[in-house]
Amino acid sequence: MELAKEYNHKDVEDKIYKMWEEGHYFDSEISPKKENFVIVMPPPNVTGKLHIGHALNFTLQDIFIRFNRMFGKETLWLPGIDHAGIATQSVVERELLSKGIKKDDLGREKFLEEVWKWKEKYGNTIIEQSKKLGVSADWRRLRFTLDEKYANAVLEAFIRYYNEGLLYRGERIINWCPRCHTALSDIEVEYEEEKGKLYYIKYPLEESDDYIVVATTRPETMLGDTAVAVHPNDERYKNLIGKYVILPLVGRRIPIVADEAVDPQFGTGAVKVTPSHSPEDFEIAKRHNLGFLDVINDVARMINVPEPYLGLTTTEARERVVEDLKNQGYLVKVEDYVHSVGHCQRCHTVVEPLVSKQWFLSMKSLAEEAKEAVESQKVKITPEKWVKVYYDWLNNIRDWCVSRQLWWGHRIPAYYCEDCGEVIVSKEPVMKCPKCGSTRIKQDEDVLDTWFSSALWPFATLGWPENTPELNYYYPTTLLITGYDILFFWVARMIWSGMHFMKKEPFYTVMLHGLVRDEKGRKMSKSLKNIVDPLDLIEEYGADALRFTLASLTTVGGQDINLSKEKLKASRNFVNKIWNASRFVLMNLEGFNPNEIDEENLDLEFEDKWFLSRLNRHLKMEIEYLGNYDLGEAARKLYEFVWGEFCDWYIELSKVRLYGDDEKKKKTVQYILWKSLSTILKMLHPYMPFATEEIYSYVPFVDKPLIKSEFPKVNEAFIDDKIEKDADFVFGIIRGLRSLKAELGLPVATPLNAYFNSIDENEIKLIKEENEKILKLAHITSLKYVQKKPERVLKTVVQGTTVYMELPFDFDLQKEKDRFIKKLQEIDAELKSINSRLMNPVFLEKATPEVINKDKERQKELEKTKAVLLSHIEDLEV
RNA sequence: GGGCGGUUAGUUCAGAGGUAGAACGCUUCGUUGACACCGAAGAGGUCAGUGGUUCGAUUCCACUAUCGCCCA
């Protein structure tokens with residue numbers, strides 16, 4: 001078997017994925033005796049294409065899933081797709097329009113048929129794409145929020161809420177998107193600072209020559225004013241409260257009222273009140289029993305206004321109103337003003353506040369349930385900084401407008417009697433009014449907010465409201481992983497839904513991760529043209545490189561990630577490095593059979609003990625990081641360990657025995673290499689499943705694919721501080737010799753003799769014992785102990801040891817002296833701080849014994865090196 | 001206005017109450033029997049500023065500056 005010199009992901013990924021799928025390794029079965037690990041996938045939109053945010057989200061989930069599968073837990077990753085009301089409807093609408101077909105001509109039923117057709121055709125795109133990333137979800141259990149059973153769960157939830165009095169239908173001011181033509185919930189509105197104008201308008205007092213000036217950013221809404229409001233304590237206007245003004249342009253008589261909500265600092269301190277088109281004014285109007293007058297309709301045109309303005313768009317009306325006010329002497333002044341304007345999250349159109357009859361979910365008690373779940377730690381949110389944000393949102397929440405004027409979605413199961421006005425909420429179609437017997441019944445035309453249905457995700461996907469075995473075994477799920485941007489939209493709503501309907505938290509832990517941005521930290525957007533397609537990245541660098549990059553850029557704090565090609569390249573190189581290290585090991589396993597090895601009686605050498613110590617230390621660390629949800633640090637540490645220790649040192653050291661004559665020694669090192677490689681592949685597998693699985697298929701004497709193999713156990717007995725410290729010294733000698741050659745400008749491979757002397761017995765022993773390896777790695781011909789400095793040598797100091805290397809030509813020793821002096825200065829600086837600490841009685845009293853001991857040891861070591869350095873510098877003075 | 005986060009090597013970012021790290025880039029050397037998607041050796045840092053807590057702060061706290069995000 002001969003492996004290619006370079007890892008080529010294109011030859012591997014599809015093949016491996018197919019192998020996993022055919023082996024049913026992603027499938028989960030109910031196993032009551034086994035501890036489980038369950039993640040429900042945040043369902044991507046059915047219209048969605050895999051973007052980099054999904055790539056991050058899926059990667060993190062897959063890493064946890066794969067680890068836990070290897071830990072032997074019954075692991076379920078339940079995937080799904082969201083029907084995404086507005087988004088999907090507008091996609092299909094647009095597509096039909098391009099063929100000259102209008103939605104309204106088609107009618108509801110025909111249109112929905114078209115959407116379903118579209119869904120069948122394109123709805124699985126993102127699923128297929130996510131497979132390229134290595135997603136190991138149980139695809140048999142794929143759920144769609146409009147599946148028959150799921151839809152039933154949504155209706156069930158609606159009916160239960162209704163029967164409990166938590167859902168009600170009412171006329172409220174809502175956020176209306178004139179383009180999507182639907183109501184929006186509060187969080188679907190995005191506010192942006194915009195430059196506008198502040199208009200000061202005179203409102204003449206009734207039966208008086210006096211007037212009051214109000215300030216507004218939306219003069220056109222004055223046509224719908226039903227009052228003027230001032231703050232009750234505002235001295236300027238106290239005498240006007242209760243009086244009336246005559247509304248300019250309209251001539252309507254409206255009162256001046258006093259209300260705490262008015263900000264005396266804003267404008268003139270007097271504001272116009274337009275109850276039907278401003279949420280604040282709506283509240284004021286309710287408090288003062290003012291009239292409501294709709295002057296803007298659902299396509300943002302003027303209604304119920306005097307002739308000249310009737311039918312104008314709001315923009316046209318503004319121009320006309322301002323013009324007329326100016327001409328008639330009512331406009332006092334116009335100022336530049338920056339204010340925040342609400343936009344539709346979906347289409348970015350400016351949102352129009354309108355009074356409308358909608359269904360609302362009462363939030364007070366549900367928000368309490370959601371809060372309690374987190375306060376009591378039933379649900380743990382990580383990073384913790386989001387907990388406060390979560391509480392704040394729930395504390396200030398307003399009732400949730402859940403109806404949407406769309407066709408695509410879960411149709412509201414409410415029926416209205418056209419004769420007596422009775423409202424009937426029912427899962428089954430209603431034919432006859434139970435109150436008056438009329439058959440003139442109409443179902444509500446609207447559908448539910450998509451988030452209303454996805455709020456049920458953790459249990460509706462498992463069969464709720466039926467008490468299924470799945471629900472019993474898999475609920476509550478273990479971990480939810482999602483971006484912090486949908487903490488309110490989705491996470492909070494799932495928590496109260498779970499608490500409310502299941503009486504149990506939907507997941508024990510929520511891990512919120514950051515968002516992926518471009519290399520300059522900017523949001524990826526079409527207008528900036530900085531969107532990267534993960535599929536392109538996979539094509540170019542491989543799925544493993546993409547996954548590893550995303551994982552290693554993750555932090556416990558859930559910081560946003562700035563992705564760049566440089567980082568992908570580094571990860572791709574890492575994958576290749578692992579490929580080649582493995583290739584080396586596999587090429588050198590000839591004639592090896594682990595069954596011939598007595599594992600209990602291995603003749604371990606210095607570097608074996610060192611490496612096994614490091615390996616077990618890292619294994620332990622890895623598990624700890626994982627428990628802390630710190631995949632980023634785990635990935636970064638793995639990178640350093642595998643590249644910096646396994647490849648750079650252990651593999652190099654292993655060559656001594658592999659290429660030596662001692663068969664027994666060779667077998668031992670083969671065994672350690674074989675074992676270590678397997679362990680490393682397992683540690684890496686969740687991060688880079690494809691390459692590791694491919695490599696593992698070439699590893700001899702393993703019986704199952706990596707995905708199903710057991711994660712290695714930590715063997716504490718191998719962790720050994722002393723051996724690691726000794727290794728640092730030996731490696732230091734090798735580095736020292738290499739850098740002497742570099743100082744001479746010689747290739748590392750130049751064969752030269754070397755000598756050493758030391759004031760430390762342990763160091764002498766180590767050099768003697770590991771002589772062969774030092775020679776090999778430093779490319780030195782010999783390294784002999786000497787009492788005195790030999791002639792014509794260049795030297796370096798490592799701890800208490802001086803290493804001399806023969807000088808093949810004349811060399812200016814000033815460089816050596818400079819190097820020594822620089823090193824001495826560094827040591828002196830450090831010694832100074834350590835000494836002052838150790839002489840400080842308060843330090844000795846208060847610092848922990850470990851810290852003091854560490855300082856003392858470090859002090860000894862530094863003193864040792866210092867003494868040697870000083871003697872050499874003195875020599876050089878002569 | 002309220003809240004949150006960032007400010008560390010030329011660049012992008014980790015990190016941790018007790019010796020400041022990585023990647024990329026840069027300099028020098030190198031194709032030695034895994035790998036040039038590589039190896040070896042190096043240069044490069046008042047850890048934004050000011051106070052405080054502490055035996056000890058780049059790390060914890062407060063404030064300031066600055067950039068960014070969320071909410072009103």
Side-chain angles (χ1 to χ4, degrees), chain A residues 3-8 186-187 190-191 263 265 340 383 385-386 388-389 392-393 396 484-485 487-488 514-515 517 519-523 541-542 545 549 552-567 569-588 632-633 635-637 639-640 643-644 647-648 651-652 654-655 658-659 734-751 776-779 826-827 829-831 833-834 836-848 850-852 854-855 858 861-862:
Chain A
L3 268 65
K5 248 178 115 172
E6 269 175 20
Y7 173 66
N8 188 352
D186 293 338
I187 50 176
E190 288 176 348
Y191 291 89
D263 175 10
Q265 308 297 320
S340 77
K385 67 180 176 196
W386 292 108
K388 217 183 128 212
V389 179
D392 284 350
W393 185 69
N396 297 310
Y484 62 73
D485 53 330
L487 174 62
F488 306 147
L515 311 180
R517 297 167 180 279
E519 70 272 10
K520 295 194 183 100
R522 299 172 308 184
K523 218 168 186 168
Y541 301 98
T549 301
S552 61
L553 290 175
T554 301
T555 57
V556 247
Q559 232 62 267
D560 284 350
I561 287 171
N562 298 164
L563 191 68
S564 71
K565 296 236 164 173
E566 273 176 16
K567 288 162 187 167
K569 220 166 140 182
S571 300
R572 187 254 276 144
N573 294 354
F574 183 44
V575 176
N576 187 246
K577 185 75 180 177
I578 292 156
W579 175 260
N580 274 290
S582 308
R583 187 167 158 251
F584 169 82
V585 172
L586 297 174
M587 275 164 34
N588 286 288
E633 191 63 8
R636 293 186 291 269
K637 282 278 188 297
Y639 181 99
E640 283 171 31
W643 199 316
C647 296
D648 290 349
I651 283 186
E652 291 309 318
S654 76
K655 289 175 181 173
L658 285 175
Y659 303 147
I734 293 166
R735 286 200 185 98
L737 283 161
R738 285 170 179 169
S739 66
L740 288 183
K741 284 189 193 169
E743 195 169 310
L744 296 176
L746 292 172
V748 225
T750 317
K776 170 89 182 169
L777 268 69
H779 298 97
E826 283 167 14
I827 286 176
E830 205 188 328
L831 259 180
S833 82
I834 289 183
S836 71
R837 241 179 290 161
L838 287 174
M839 283 188 304
N840 182 347
V842 197
F843 171 74
L844 293 175
E845 186 196 330
K846 298 205 171 175
T848 61
E850 293 90 68
V851 169
I852 295 171
K854 223 176 134 191
D855 265 358
R858 181 73 185 151
E861 217 173 272
L862 291 171

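Proteins get letters first, then strands, A, B, ... in listed order; numbering begins at 1 in each.
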Participant: Which whole-number value in Å describes the distance from A:Leu744 CG to B:A40 C1'?
Facilitator: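 Going from CG in A:Leu744 over to C1' in B:A40 covers 14 Å.
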
Participant: Let me know, please, whether A:Ala581 or A:Glu633 comes out on the 5' side of the other along RNA chain B by nearest nucleotide.
Facilitator: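 By nearest-heavy-atom nucleotide position, the 5'-most residue is A:Glu633.
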
Participant: Could you give the CZ-to-C1' distance, from A:Phe574 to B:C35, as a whole number of Å?
Facilitator: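 Roughly 13 Å, once rounded to whole Å.
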
Participant: Name the closest nucleotide to the A:Arg735 side chain, picking from B:A41, B:C35, B:U32.
Facilitator: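 Among the listed nucleotides, the one closest to the side chain of A:Arg735 is B:A41.
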
Participant: Map A:Asp855 and A:His779 onto RNA chain B by nearest heavy atom, then report which one ends up closer to the 5' terminus.
Facilitator: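 Looking at RNA chain B, the more 5' nearest nucleotide goes with A:Asp855.
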
Participant: Does a distance-only test, which skips hydrogens and angles, find a donor-acceptor pair under 3.5 Å between the side chain of A:Lys5 and the base of B:C35?
Facilitator: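 Check fails, no donor-acceptor contact within cut-off.
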
Participant: Answer with yes or no whether A:Glu6 presents, from its side chain, a donor or acceptor under 3.5 Å of a partner atom in the base of B:A36.
Facilitator: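 Under the 3.5 Å cut-off, the side chain and the base do not form any donor-acceptor pair.
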
Participant: Would A:Asn580 and A:Arg583 count as a side chain to side chain donor-acceptor pair (under 3.5 Å) here? Give the steps.
Facilitator: CA-CA 5 Å; A:Asn580 274 290; A:Arg583 187 167 158 251; 3.1 Å; yes

Participant: Which value, in whole Å, describes the distance between the C1' atoms of nucleotides B:G6 and B:G44?
Facilitator: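 Nearest-Å result for B:G6 against B:G44 at atom C1': 24 Å.
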
Participant: Nearest-Å distance, CG (A:Leu862) to C1' (B:U19)?
Facilitator: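 To the nearest whole Å, that distance equals 8 Å.
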
Participant: Which base, if any, makes a Watson-Crick or G-U wobble pair with B:U32, both distances under 3.5 Å?
Facilitator: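 With both distances under 3.5 Å required, B:U32 matches none.
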
Participant: Atom CZ of A:Arg738 and atom C1' of B:G42: how far apart are they, to the nearest Å?
Facilitator: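 Value for this atom pair: 14 Å.
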
